[in-house]
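Have a look at the structure below, then the notes.
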Amino acid sequence: MSTAEPTIRTAPAEITTPDADAGQQLAPRYHLVLLDDDFHTYAYVIEMLGRIFGYGREKAFALARIVDTEGRVIVETAGHEQVTRNQDKIHGYGADPRIPTSQGSMSALVEEAP
């Protein structure tokens, strides 16, 4: 009889990685899209975006330029409650006092983010 310890062989351990989709669903995200019109100035848009979202002048100007040239711009991506709250703030911001024909706020819509 041998005095050496017997060799025990085991199968290699299977390594698993958690599946990002398993068991947890991320809350859907939504875009808040500002729409262009001819009744609000760049100054109005820059001021509004600063007050509602806290954007600096450079970012607000860049967004104003995009909405002016493309007709729409995403100003926020977040949960549905947050974007609808900020949509209400945009709709309630009021007319542009710099343009006599401005009769109300800009328009924004909520879209589900892909």
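- Contact of the Leu34 side chain with the Arg72 side chain is not registered, since no non-hydrogen atoms from C-beta on lie closer than 4.5 Å.
- Qualifying side-chain contact (heavy atoms from CB on, under 4.5 Å) partners for Thr69, counting only residues two or more places apart in sequence or in other chains: Arg65.
- Between Leu32 and Gln82 there is no side-chain heavy-atom pair separated by less than 4.5 Å.
- Residues that satisfy the side-chain contact (heavy atoms from CB on, under 4.5 Å) test with Glu112, not counting sequence neighbours, are Pro28, Tyr30.
- Residues meeting the side-chain contact (heavy atoms from CB on, under 4.5 Å) test with Leu109, sequence neighbours left out: Val33, Leu35, Glu111.
- Aromatic ring orientation, Phe53 versus Tyr55: parallel (interplanar angle below 30°, classes split at 30° and 60°).
- Heavy atoms only, all atoms of each residue included: Ser105 and Gly92 are closest at OG-C, 3.6 Å.
- By the side-chain contact (heavy atoms from CB on, under 4.5 Å) test, Ala113 is found to be paired with Arg29, His31, Thr77, residues two or more places apart in sequence or in another chain being considered.
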query: How far apart are the C-alpha atoms of Leu49 and Tyr93, what are their side-chain angles, what is the distance that settles it, and do they pass the side-chain contact (heavy atoms from CB on, under 4.5 Å) test?
result: CA-CA 10 Å; Leu49 293 175; Tyr93 199 74; over 6 Å; no
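- At a threshold of 4.5 Å between side-chain heavy atoms, the hydrophobic network of Ile, Leu, Val, Met, Phe, Trp and Tyr places Ile90 and Ile66 in one connected group.
- In this structure, OG1 on Thr41 lies 10.5 Å from CE on Met48, to the nearest 0.5 angstrom.
- Grouping Ile, Leu, Val, Met, Phe, Trp and Tyr residues whose side-chain heavy atoms lie under 4.5 Å apart, directly or via other members, places Tyr42 in a hydrophobic cluster with Ile46, Phe61.
- Note on residues 80-98: pairs passing salt bridge (Lys or Arg N to Asp or Glu O under 4.0 Å), not counting sequence neighbours, are Glu47-Arg98, Glu81-Arg85, Asp96-Arg98.
- Taken together through direct or relayed side-chain contacts under 4.5 Å among Ile, Leu, Val, Met, Phe, Trp and Tyr, Phe39 and Leu63 form parts of separate hydrophobic clusters.
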